[in-house]
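Per chain, numbering begins at 1; letters A, B, ... match sequence-line order.
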Amino acid sequence: MSPVLADLLQVSALIAALALVHRPFGDHMAAVYRSTRHLRVERWTYRAIGVNPDAEQRWPAYLRGVLAFSAVSVLFLYLVQRVQDRLPLSLGFQPISPDQAFNTAASFTSNTNWQSYSGESAMGHLVQTGGLAVQNFLSAAVGMAVAVALVRGFARSRTGELGNFWADLVRGTVRILLPVATLAAIVLVAAGAVQNLSDHHAVTSVTGVTQHLPSGAVASQEAIKDLGTNGGGVFNANSAHPFENPNALTNLLEIFLLTVIPFSLPRTFGSLVGDVRQGRAVVAAMAVIWLTGVVLVTVLEFQHPGAAAQAAGGAMEGKEVRFGEGGSSLFAVSTTMTSTGAVNSFHSSFSGLSGGVLLLGMMLGEVAPGGVGSGLYGMLVMAVIAVFVAGLMVGRTPEYLGKKIRAREIKLAACSVLITPTLVLVGTALAVALPTPPDSARNPGPHGFSEILYAYTSASNNNGSAFAGLNADTDWYNTTLGLAMLLGRFLPMVFVLALAGSLAEQRPVPATAGTLQTTKPLFTQLLVGAVLVVAGLTFFPALALGPLAEGL
Amino acid sequence: MNATLRNTSRLTFAALRALLVLSLITGVLYPLVVTGVAQGAFPDQANGSVVELDGREVGSSLVGQTWNDEDGNPDPRWFQPRPSAADYDAEASGASNLAADSPELLELVRERRARVAAFNGVPESEVPVDAVTASGSGLDPHISPRYARLQADRVARARDLDGAAVRTLVDDAVRSRVAGFLGEPRVNVLQLNLDLAELDR
């Protein structure tokens with residue numbers, strides 16, 4: 001079988017699996033967030049927290065819950081790293097330095113999982129499982145909670161009540177993430193991912209070299225790292241590491257895991273607003289952008305432009321033989337267009353234009369399909385902007401799902417959309433203008449600029465992947481990227497929840513003959529157009545200096 | 001003011017308690033349950049798929065290794081792995097991160113191509129891409145079937161073995177795509193070299 005045909009089948013298998021699963025899984029998630037019953041373990045949890053899960057919250061209270069929980073999480077994760085030498089199972093590793101510990105705490109709490117450290121030589125078992133992997137679950141559950149709150153804003157009227165943050169957090173963790181992660185982790189172990197709490201295992205090779213095989217609770221972390229679109233691997237090489245991603249089958253499973261919740265949430269949305277066709281129009285927009293990205297990067301990598309790749313006869317630098325160009329391209333696009341940031345191949349060595357597509361995937365705001373929760377609320381904010389633009393064209397007050405998009409709503413949506421571009425462009429500009437930060441770049445010329453642009457894009461959009469040549473373990477990058485991650489995660493949430501509150505207070509307006517039908521392909525096109533135009537206009541100059549200059 | 005402060009501290013404590021309870025569930029119970037199942041049902045995989053030769057642990061079937069002589073040069077008697085940015089140090093996985101049009105990478109590729117061609121006594125045009133590029137993990141356990149076949153005659157010469165026997169060994173070691181369409185055909189270097197040691201006893 002030719003590599004191209006095999007790759008076509010591989011992409012088709014993934015799409016078929018997603019198409020098959022997104023309906024029952026999306027409906028399951030809708031049932032979880034709609035449920036009025038509490039599981040026993042959930043009731044214990046609520047009692048321990050001291051909250052009433054049935055108490056409805058308006059948006060300021062919901063937001064306070066999100067922010068308080070995340071602030072405590074950052075602080076806790078920082079402290080765990082700072083005292084790791086005094087913790088059990090630390091493998092003899094030293095405490096993490098203050099700037100790197102801040103960066104990592106911000107990174108995992110904001111669902112970014114940017115890693116300025118090398119896992120196998122820095123983090124002990126307890127920090128990995130009890131600190132970092134915990135945030136893989138919880139930051140994902142927070143993202144889903146905010147998305148569901150926004151959906152309730154559309155679904156409810158004349159109330160302003162958005163649900164209960166603590167209930168949404170606990171349910172998302174216990175009923176959605178935990179069961180799937182457990183199952184996936186066991187499949188990963190069966191396929192070869194390691195899962196132990198031992199010391200690194202020394203063996204002596206046939207030629208007499210001592211090799212220390214790294215250990216850890218890898219499979220359990222790998223499963224939630226992908227499912228929660230987190231991306232922080234146990235090892236430096238992330239999902240390229242054979243202990244995290246041992247073969248082509250686990251590779252496809254991991255790509256499935258990182259896309260399954262984002263592609264299923266539109267179904268949840270449709271189900272919660274009482275019209276699954278609304279979800280279908282949204283998921284179609286996500287799928288069109290994602291698939292375009294997959295095709296572009298795959299074709300480019302098979303063509304392998306670039307002097308060094310041409311001389312080598314293929315784009316295999318930074319890629320594993322067991323995945324090849326196809327399996328690596330599919331993973332790369334899926335990880336950057338969700339907010340995952342896990343890598344099974346190193347994006348810096350992709351061709352210049354492929355790197356540009358990966359960058360653009362993040363610059364679109366990670367809405368196609370986007371991170372767990374953040375993809376859906378990002379796309380719904382874009383939908384608000386799309387109906388607003390359409391409303392301007394025909395001179396009508398725009399509506400979406402029976403809610404008027406008035407000045408207040410459009411201001412909140414616009415603020416939410418403008419935050420990450422501001423962080424990316426200001427951050428990159430500062431890093432390039434200052435004397436020392438540019439020295440961190442590994443490659444000369446436009447690619448060096450791309451490395452810095454990629455870092456701020458990845459951090460602000462909570463992706464976490466990197467053009468990893470950049471030495472980001474400096475005071476400057478640890479601090480500024482840490483701030484970009486926190487602001488890029490939580491400022492949009494403020495506006496999204498305010499928008500949700502504003503929508504929930506409205507009384508619904510009945511649809512008339514002049515109402516834009518948001519269940520039709522026309523709306524999907526409009527939505528794709530809005531996503532591309534907003535990001536395109538904002539980032540084109542920066543892309544021209546980096547990947548376009550490099551690739552053309 | 002006092003009420004605000006009281007509310008804030010109440011909220012903070014609720015958040016802290018939530019974090020601790022959920023950490024217990026996701027950070028202690030979850031990894032312990034998975035570890036328990038893994039160690040019970042799949043102990044070999046869970047502990048690193050360690051491979052033995054004559055009862056001695058010599059590596060993991062999943063993690064690549066160097067096959068050098070005492071001076072640190074590639075040993076012609078063994079099949080050689082891909083170049084590695086981590087030098088196959090299993091505690092320092094990673095890639096070169098060099099760009100596809102990087103002059104440094106271009107130079108490296110040319111050097112590697114010349115070296116591999118000379119080492120195996122073949123023309124430069126026959127050297128496949130995986131022999132001149134470093135993997136993402138730096139620990140790639142595999143090479144392409146082409147690179148393995150290219151090395152067979154050199155290995156046979158260095159060991160004074162029948163060329164056909166070594167070529168058959170390589171053919172037997174080739175693994176096709178998973179399920180016929182996933183990933184790429186490949187040869188596991190450690191397995192192949194262990195088969196080779198067996199043949200050359």
Side-chain angles (χ1 to χ4, degrees), chain A residues 6 9-10 45 48-50 68-69 72-73 120-121 129-130 134 137 185-186 189-190 192 194-196 201 203 205-206 211-213 217 220 235-237 240-242 246 248-249 306-309 311-314 316-324 327 345-346 348 351 442-443 447 468-469, chain B residues 11-12 14-19 21-23 26-27 30-31 34-35 37-38 42 45-49 57-60 62-63 65-68 90-91 93-95 97-102 105-106 109 129-130 132-137 139-144 177-178 181-184 186:
Chain A
L9 285 174
Q10 172 164 263
T45 311
I49 305 174
F69 183 72
V72 168
S73 296
E120 60 265 56
S121 58
T129 55
V134 165
F137 279 98
I186 290 168
V189 177
V194 299
Q195 180 72 25
N196 59 62
H201 185 78
V203 294
S205 78
V206 175
Q211 194 181 30
H212 295 272
L213 298 172
S220 56
F235 305 123
N236 188 46
H241 198 294
L249 190 64
M316 286 301 288
E317 183 72 22
K319 295 191 180 75
E320 305 285 298
V321 165
R322 63 190 181 282
F323 308 140
S345 54
F346 280 70
S348 187
S351 79
R442 168 84 167 88
N443 287 279
H447 198 80
Chain B
L11 182 64
T12 311
L16 184 62
R17 285 197 298 263
L19 178 64
V21 177
L22 291 171
S23 293
T26 62
Y30 164 70
V34 175
T35 307
V37 173
F42 311 105
Q45 294 96 315
N47 295 314
S49 308
E57 296 182 340
V58 293
S60 161
L62 293 174
V63 179
Q65 299 179 322
T66 54
W67 292 88
N68 294 337
E91 289 182 303
S93 63
N97 287 302
L98 291 167
D101 64 351
S102 146
L105 181 58
L106 180 61
V109 166
V129 57
D130 60 305
V132 296
T133 50
S135 63
S137 61
L139 303 172
D140 197 337
H142 298 116
I143 54 178
S144 65
R177 293 191 174 91
V178 179
F181 66 98
L182 292 177
E184 294 297 326
R186 67 220 171 276

Novice: Report which part of A:Phe323 has an atom under 4.5 Å of a heavy atom belonging to chain B: side chain, backbone, both, or neither.
Specialist: backbone
Novice: At a heavy-atom separation under 4.5 Å, does A:His447 approach chain B through its side chain, its backbone, both, or neither?
Specialist: side chain
Novice: Is A:Thr45 in contact with chain B via its backbone, its side chain, both, or neither, using a 4.5 Å heavy-atom distance?
Specialist: both
Novice: Between A:Ser205, A:Ala311, A:Gly50, who has the most heavy-atom pairs with chain B when the cutoff is under 4.5 Å?
Specialist: A:Ser205
Novice: Would a distance-only check, ignoring hydrogens and angles, find a side-chain to backbone donor-acceptor pair under 3.5 Å from A:Gln195 to B:Ala46?
Specialist: no
Novice: Below 4.5 Å, heavy-atom pairs only: which of B:Pro141, B:Gly48, B:Gly94 has the largest tally toward chain A?
Specialist: B:Gly48
Novice: Nearest 0.5 Å please: distance from the OG atom of B:Ser137 over to the CZ atom of A:Phe346.
Specialist: 8.0 Å
Novice: Minimum heavy-atom separation for A:Glu317 to B:Ala134, with atom names?
Specialist: OE1-N, 2.9 Å
Novice: Where does A:Asn443 contact chain B at under 4.5 Å (heavy atoms): side chain, backbone, both or neither?
Specialist: side chain
Novice: Identify which of B:Ser144, B:Gly136, B:Ala18 forms the greatest number of heavy-atom pairs closer than 4.5 Å to chain A.
Specialist: B:Gly136
Novice: Identify which part of A:Glu320 has an atom lying under 4.5 Å from any heavy atom of chain B, answering side chain, backbone, both or neither.
Specialist: both
Novice: Between A:Ser73, A:Pro246, A:Ala468, which has the largest tally of heavy atom pairs under 4.5 Å with chain B?
Specialist: A:Ala468
Novice: Looking at B:Leu16, B:Thr66, B:Leu98, which makes the most heavy-atom pairs under 4.5 Å with chain A?
Specialist: B:Leu98
Novice: In Å, rounded to the nearest 0.5 Å, how long is the span from CZ of A:Arg322 to CZ of B:Arg186?
Specialist: 9.5 Å
Novice: Considering only heavy atoms from C-beta outward, does the side chain of B:Ile143 approach that of A:Val321 to under 4.5 Å?
Specialist: no
Novice: Could you have a look at B:Ala90, B:Ser102, B:Ser49 and say which one has the most heavy-atom pairs with chain A under 4.5 angstrom?
Specialist: B:Ala90
Novice: Could you check whether any side-chain heavy atom of A:Glu120 comes within less than 4.5 Å of a side-chain heavy atom of B:Ser93, counting everything from C-beta outward?
Specialist: yes
Novice: Can you check whether B:Tyr30 reaches A:Thr129 side chain to side chain, under 4.5 Å on heavy atoms?
Specialist: no
Novice: Chain A heavy atoms under 4.5 Å from B:Val109: which part of the residue, side chain, backbone, both or neither?
Specialist: side chain
Novice: Is the backbone N or O of B:Pro31 less than 3.5 Å from a side-chain atom of A:Ser220, with the two atoms forming a donor-acceptor pair by type?
Specialist: no
Novice: How far apart are the closest heavy atoms of A:Ser351 and B:Ala100, and which atoms are they?
Specialist: CA-CB, 3.8 Å
Novice: Shorter than 4.5 Å, heavy atoms on both sides: which option in B:Val132, B:Val178, B:Thr35, B:Val21 has the most such pairs with chain A?
Specialist: B:Thr35
Novice: To the nearest 0.5 angstrom, please state how far the CZ atom of A:Phe69 sits from the CG atom of B:Leu22.
Specialist: 5.5 Å
Novice: Do A:Lys319 and B:Asp130 come within less than 4.5 Å of each other through their side chains, counting heavy atoms only?
Specialist: no
Novice: Flag the one option from A:Asn236, A:Ile49, A:Leu9 with the top tally of heavy-atom pairs under 4.5 Å to chain B.
Specialist: A:Ile49
Novice: Which one wins on heavy-atom pair count under 4.5 Å against chain B: A:Ala240, A:Ser121, A:Ala217?
Specialist: A:Ala240
Novice: What part of A:His201 lies closer than 4.5 angstrom to a heavy atom of chain B: side chain, backbone, both or neither?
Specialist: side chain
Novice: Looking at A:Ala312, A:Ser345, A:Ala185, which makes the most heavy-atom pairs under 4.5 Å with chain B?
Specialist: A:Ala312
Novice: Using every non-hydrogen atom in the two residues, find where B:Leu182 and A:Gln10 come nearest and quote the distance to one decimal.
Specialist: CD2-OE1, 3.2 Å
Novice: Using a 4.5 Å cut-off on heavy atoms from C-beta on, say whether the side chain of A:Gln211 contacts that of B:Ser60.
Specialist: no
